[in-house]
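Please read through the structure below; I'll follow up with questions.
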Amino acid sequence: MLFSTRSLALFKGRGKLCFPYLCAFKNHQSMPKYSEYKGLNLPNVASEVLKEWEENETFQKSVETRPADKPFVFFEGPPSANGMPGIHHVMGRAIKDIFCRYKTIKGYRVDRKAGWDTHGLPVELGVEKELGITKEDIGKKISVEEYNDACRKAVMKYTDVWNDLTQKMGYWVDMEDPYITYENKYMESVWWLLKNLFDKGLIYKGYTIQPYSPAAGTGLSSHELNMPGTYRDVKDTSATALFKLKERGQQLLADIASKSDLVYHMVAWTTTPWTLPSNTALAVNPRFEYQIIHSFNRYTHEPIGVVVAKELVSKVFSGPYAAVSSENSIASYDGSGKNIPFEVIGSLKGSELTDLEYEQLLPYALPMESPESAFRIIPGDFVTVEDGTGVVHIAPTFGADDAEVAKKAGIPPMLIADAQGNPVPLVDLQGKFVQELGPELGGKYVKNEYYTEAPDKSVDVLIGIKLKEQGKAFKIEKYEHSYPHCWRTDKPVLYYPLDSWFIRSTAAKDRMIELNKTINWKPASTGIGRFGNWLENLNDWNLSRSRFWGIPIPIWRTEDGAEAICIGSAAQLKAECEKAVEAGMMDQNPLADFKPGNMSKENYETFDLHQNHVDQITLVSSSGQPMKREKDLIDVWFDSGSMPYAQWHYPFENADKIDAGNTFPADFIAEGVDQTRGWFFTLHAIATMCFDSVAYKTVVSNGLVLDKNGQKMSKRLGNAVDPFKTLGEYGPDATRWYMITNAQPWDNLRFDLKGLQEVQRKFFGTLYNTYAFFSLYANVDGFKYEEEEIPLNERSETDRWILSRLNSLITEVEMAYEEYEPTKAGRLVQNFVTDELSNWYVRLCRRRFWKGDYGKDKLAAYQTLYTCLEKVAIISAPIAPFYMDRIFKDLNRVTGRLVEESVHLTSFPEPVPSAIDADLEQRMDIAKRMTSLVQALRKSEKLKVRQPLQRIMVPIIDDTFDRQLHDVEHIILSEVNVKEIEYLHDASDVLVKEIKPDFKKLGPKFGKDMKALAAEINAFDADKISQLERDGEIKILLNGQEVEVTTDDVNISAKDIPGWLVAADGNITVALDITLSTALIEEGIAREFVNRIQNLRKDSGLDVTDKIKLQIERTSEIEQAIENNLDYICAETLAGSLDLVSELKGEAAKEVEVDGTITTKIALEKL
RNA sequence: AGUCCUGUAGCUCAGUUGGUUAGAGCGCUACACUGAUAAUGUAGAGGUCCGCAGUUCAAAUCUGCGCAGGACUACCA
């Protein structure tokens, strides 16, 4: 009864404390509240926020509310919409989006026009597969018109999927008004650019050996050949063939070797035996020494005389061959395949070999042009002794070097006359041998990869067999080497003679190199290394593609090529057509309905610049000759490199955007590193050649997205990650956050769903919990940030600390974004949220939120936590746009602190430098470390944190530490549940001190003597240490010399207090008094009770503000403990009354274990 | 073959201008905490900092030579 009376009194007394809770709760029922959630579902949040963006047109507002005269220019690299997007697109687009969003909240206007790359091979090949046709059928089975229509439709096949991905991942780009490369306006701008180059004399036509893809039916530019993955290691049959010298050679060698009964051969190696029928010369290096060898053919075992570069003799004659030096051993050869002897019988200079003639190796055909000059040995400086034989087989039709060296030496290429009498090589455009090679080889593909069903023996193998049979083979073997493959068809490329248009990009090489130096490459090594090297070795840009679906080359020429015109606009084309009609070249003008100067969509739909239309046009030259369009299309890379201008229909419309620099050059672009020689190059080349400008100021080239084992993702391997599935399961925020924080954009990312889960749980889970914690209590107290901002100096140490950290964070994150280091930014935020905000600030301040009245301290806590959440939401919004917007809105809806309706419309926070307090951060660090130490000590003694202890003792190193510790004393005490800290000031008697040399300070002073000195210092005893401390310096005898060490040169710390339980971390040492008094034990029990009661409250589903009535079954162990801590227990558990009763019965009575030995019953009832 | 990047705990990665005792997260083990609770804390195990040589009083860090992986370059026969 005694207790109940007291508890009643307590209830009255606590009325002040308790009622405001209830009132606050009721009063604010109808007021706006912070949303509370049952759990965190990131995918749902994303789709809800996405809906809000759509309804509120948030993206448009984020652009339009920023001043037009403060642009941040971004170019969107156009994806091709005829393929499905992959997870790597999420990566690439996240990077683009992050910086565009960041610049937006920095107050820039960031227009983001989407684009589609619609032309080119991938589209055509897709269509051909779909229609079941090949390139050869176009114009026969299907008209070019129908074909192009099919392409036009196919190209936008997956636009819906792409748009869907774009939205779901939160990539903000204007999809309403994209640029599309097949539209007339776009093509017209491209023509204008080409004419610009043409007028500058930078476009020419040339007949050269080029990389050619028979499977794709088109030549490839050098940058296409330099796409990643084009060079692959393949095993081919290589042949080392014997070329029999003609009479003059036989004579010469027989004389040098003094051996006339031998047949002499040149030996040359090739990895492409299919080019041997086209051989028209052999090259030797005139400076090398060659040796004449007497040996035997390994296949026929016939004696042979061969010529090989001296340095390669041992390589060529390896395996079954063995060197001998006497006529006898040669003669003793038994004719088997083993131990074939060879002997050097003479040597001569390469220059002596030149001009000797040899017999054609595989005489299927003769060059139609001066065949008498063929089959000679010619000089070639490029011939090395790296591999092969030092004699190089030359097939001018299938090698660029070969063609060049042959031309110089007057050797004809192996071109024969076709049915029309035109010169053609022995391999046709499909990659098949022509019929002249007979039934054995004619009509066969030169590479087995070109077959859908390959025959057993490739032509290389067939040729190898033939050579063996005819005794012309020195060695036939498999050889592994890297060989270029077509980036679209995956089939090997041939070097093939083609007639093409080129851009003389080499003429602008120096300027391109110069301008490149002004570009901010992320990472820099790509710019100076990969891209820089590429520019140094620049080739002319092969513009021609013999395809159908693309932008036609706008050049019309007379048949003899003497007169040519390059068309730069629709208007010009119309005018030229007019002339042609007048001259009777055409019946009517195909652009008759086009009105020059009218930029309407309708007007631009009255004609079509695609091949099937413009090829109908015959123009008239100034001398009255008909002019036909050159048959080629342009490289699609030119399409995409033209986008800065063509997306605005420059210069026909929006001329200011380029000329006044409003949207050119770009401040920022980002694509995969594989675009280095693709889009990054074509943008740069066109900008340099046409505008003498860079196309972009900053470029981020991101790495590949690999699977979790570091393998490249591919559909073939089945390790590709479905972006929709990932976004659906984890949400775009976690996906983006994971990708950005896990690896630097330019490093390859190993994509592992486990990592994604971790981000979801660790970062977003923690942030969500922090918000949930805030909203729970802020709703109870009706905190709406209506009160005056509590000045910083009136806030608690903890508040000022987290605000100091917050402001440091804002500064650092801003810097990271400015430097295009999103990984750094994300990691900074993540550390702040998990380690500092949640695990320290919230942990320390929990009680402030749910205890006590709604006074100044509580208000300060709310304001502080609110500020942190709000700022974190803003600075993280570029990376996690959905969830951060949700947090922002949930906060701002209640407080209305900012007028903006979305986080993406706000401004990046200005850091408050005065809020950053280094000393405070140091103090808090002391508190953290001290807390850890005490907890470690408790653990070692198995003393629960709930058990209060009387005191800890801390040696005081200096005045600063003294002051700093005082300031954070209360934090440490409450964290470790200890009553007091005892400061051990002058404790040299008690403390055992430790001294450590400061190497950084001593190093420069003592150099070599460091080691000895450090040993001396380490060996200091207590006397010496205190002497040093007292005098501030001490003299040490070192190698017979006296040196002086000051307190500055060492770190002295207290390491031990004999007789106490001690722990130390760096220069902080703490001792714990583990004596337990009755009062402490009772308090510990009371705490256990509070814990059990709180658990019961929660289990009973009580609200945090519900008041309760308590009954506890009395036992002798707990009676005193409860009695002496009654106020405490009631206050903690919101108990209006607490009765100790002799026996508790009924369902309400719950049995609880208080500690290992004490058990009792508790009944709890809502009041 | 050349250029560039990467190599640190079982995994993913930090590691400042060189400073001696190399860190974090995840995972693992044990314990604790618990009105943030699908959270949290503490402790433990786990390292040839790829190897070798050099510069230096001092190297994960700088230099050179290798090795492994990746990307890129190359007409390479």
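Proteins get letters first, then strands, A, B, ... in listed order; numbering begins at 1 in each. Side-chain atoms are counted along with the backbone in the values below, which use heavy atoms only and exclude waters and symmetry mates. Quantities reported herein were computed from a predicted structural model and do not represent experimental measurements.
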Could you state the atom-to-atom distance from CZ of A:Arg938 to C1' of B:A32 in whole Å?
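In whole Å, B:A32 C1' lies 11 Å from A:Arg938 CZ.
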Under 3.5 Å, N/O pairs linking protein and nucleotides 14-16 of chain B:
from, atom 1, to, atom 2, distance (Å)
B:A14, O5', A:Arg827, NH1, 3.4

For A:Arg847, side-chain hydrogen bond (donor to acceptor under 3.5 Å, both in side chains) partners two or more places apart:
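Testing A:Arg847 for side-chain hydrogen bond (donor to acceptor under 3.5 Å, both in side chains), a comparison that skips the adjacent residues, returns A:Glu1132.
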Could you check whether A:Glu758 gets within reach of a base, just the sugar-phosphate, or nothing at all, counting any heavy atom under 4.0 Å?
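A:Glu758: backbone/sugar contact only, no base atoms under 4.0 Å.
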Any donor-acceptor pair under 3.5 Å from A:Arg938 side chain to A:Leu1072 backbone
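No: the side chain of A:Arg938 does not pair with the backbone of A:Leu1072.
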Take atom P in B:A58 and the same atom in B:G54, then report the distance between them in whole Å.
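Here B:A58 and B:G54 have their P atoms 12 Å from each other.
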Atom-pair distance (CG on A:Leu538; C1' on B:U73), nearest Å:
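Rounding to the nearest Å, CG of A:Leu538 and C1' of B:U73 are 14 Å apart.
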Non-neighbouring partners of A:Asp890 that pass side-chain hydrogen bond (donor to acceptor under 3.5 Å, both in side chains), sequence neighbours left out:
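With neighbours one apart ignored, the set is A:Ser35, A:Tyr37, A:Arg893.
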Flag for A:Glu671-A:Asn702: side-chain donor and acceptor within less than 3.5 Å
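Side chains of A:Asn702 and A:Glu671: no pair found under 3.5 Å.
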Need the pair for B:G25. Rule: Watson-Crick or G-U wobble, both distances under 3.5 Å, any strand; none if unpaired.
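When the pairing criteria are applied, B:C11 turns out to be the nucleotide that pairs with B:G25.
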CZ of A:Arg1092 versus P of B:C33: gap in Å, rounded?
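Interatomic distance, CZ of A:Arg1092 to P of B:C33: 8 Å.
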When the P atoms of B:U29 and B:U55 are compared, how many Å lie between them, rounded to an integer?
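Taking atom P in both B:U55 and B:U29, they lie 48 Å apart.
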In whole Å, what separates the P atom of B:C62 from that of B:G7?
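Pairwise P distance, B:C62 against B:G7, rounds to 11 Å.
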Suppose you measure atom P in B:A22 against the same atom in B:G46; what distance do you get, rounded to whole Å?
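To the nearest whole Å, 14 Å.
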Starting from C1' on B:U12, measure out to CD on A:Gln760 and report it in whole angstrom.
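So the two atoms are 17 Å apart, to the nearest Å.
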Could you let me know what B:U3 is paired to, Watson-Crick or G-U wobble, both distances under 3.5 Å, or none if it's on its own?
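The answer is B:A71, by the H-bond criterion.
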For the pair A:Asn742 (side chain) and A:Tyr738 (backbone), establish whether a donor and an acceptor sit closer than 3.5 Å, ignoring hydrogens and angles.
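Side chain of A:Asn742 to backbone of A:Tyr738: no pair is present.
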By the side chain to side chain donor-acceptor pair (under 3.5 Å) test, which pairs, at least two apart or in different chains, include something from residues 825-838 of chain A?
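Counting only pairs at least two positions apart or across chains, the side chain to side chain donor-acceptor pair (under 3.5 Å) contacts touching residues 825-838 of chain A are A:Trp737-A:Gln830, A:Arg805-A:Glu836.
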When you compare B:G19 with B:G25, how far apart are their C1' atoms, in angstrom units rounded to a whole number?
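Approximately 27 Å lies between the C1' atom of B:G19 and that of B:G25.
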Rounded distance in Å - CG (A:Leu753) to C1' (B:U12):
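Taking CG of A:Leu753 and C1' of B:U12, I get 14 Å after rounding.
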Mate of B:C57 where both pairing distances stay under 3.5 Å, Watson-Crick or G-U
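Across all strands, the one nucleotide that pairs with B:C57 is B:G19.
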Whole angstrom is fine here: how far is it from CG in A:Leu828 over to P in B:A24?
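Going from CG in A:Leu828 over to P in B:A24 covers 18 Å.
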For the pair made of CG in A:Leu756 and C1' in B:G25, what is the distance, rounded to whole Å?
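For the pair A:Leu756 CG and B:G25 C1', the rounded distance is 15 Å.
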With rounding to whole Å, what would you report as the distance between B:U56 and B:G44 at their P atoms?
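B:U56 and B:G44 have their P atoms separated by 39 Å.
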With rounding to whole Å, what would you report as the distance between B:A14 and B:U73 at their C1' atoms?
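32 Å, rounded to whole Å.
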Shortest non-hydrogen contact between A:Arg1087 and A:Tyr1128, atoms and distance:
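In this case the closest contact between A:Arg1087 and A:Tyr1128 is CG-OH, 3.4 Å.
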Closer than 3.5 angstrom, by distance alone: can the side chain of A:Tyr862 be matched with the main-chain N or O of A:Asp781 as a donor-acceptor pair?
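No; zero donor-acceptor contacts below 3.5 Å.
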Residue met sooner reading RNA chain B from 5', once A:Ile1093 and A:Val391 are mapped to nucleotides:
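Nearer the 5' end of the strand: A:Ile1093.
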Is it the case that A:Thr272 and A:Thr275 place a side-chain donor and acceptor less than 3.5 Å from each other?
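A pair is found: one side chain offers a donor N or O, the other an acceptor, under 3.5 Å apart.
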Watson-Crick or G-U wobble mate for B:U40, both contacts under 3.5 Å:
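The base-pairing partner of B:U40, which may sit in any strand shown, is B:A32.
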Can you sort out the partners of A:Asp402 under side-chain contact (heavy atoms from CB on, under 4.5 Å), two or more places apart, ordered by chain and number?
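Residues passing side-chain contact (heavy atoms from CB on, under 4.5 Å) with A:Asp402: A:Ile394, A:Ala395.
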Distance, rounded to the nearest Å, where A:Asn1091 contributes CG and B:C33 contributes P:
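Atom CG in A:Asn1091 sits about 8 Å away from atom P in B:C33.
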Would you measure the distance from the P atom in B:U48 across to the matching atom in B:G10 and give it in whole Å?
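Roughly 7 Å separates the two P atoms.
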Between protein and nucleotides 36-42 of chain B, what N or O pairs are separated by less than 3.5 Å?
from, atom 1, to, atom 2, distance (Å)
B:A36, OP1, A:Arg846, NH1, 3.4
B:A36, N6, A:Ser838, O, 2.4
B:A36, N6, A:Arg843, N, 3.2
B:A36, N1, A:Ser838, O, 3.4
B:A36, N1, A:Ser838, OG, 2.5
B:A39, O2', A:Asn769, ND2, 3.3
B:G41, OP1, A:Asn839, ND2, 3.0
B:G41, O2', A:Gln935, OE1, 3.4

Is there a donor-acceptor pair closer than 3.5 Å between any side-chain N or O of A:Thr389 and the backbone N or O of A:Val267?
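Yes, the answer is positive, given that a donor and an acceptor are paired below the 3.5 Å cut-off.
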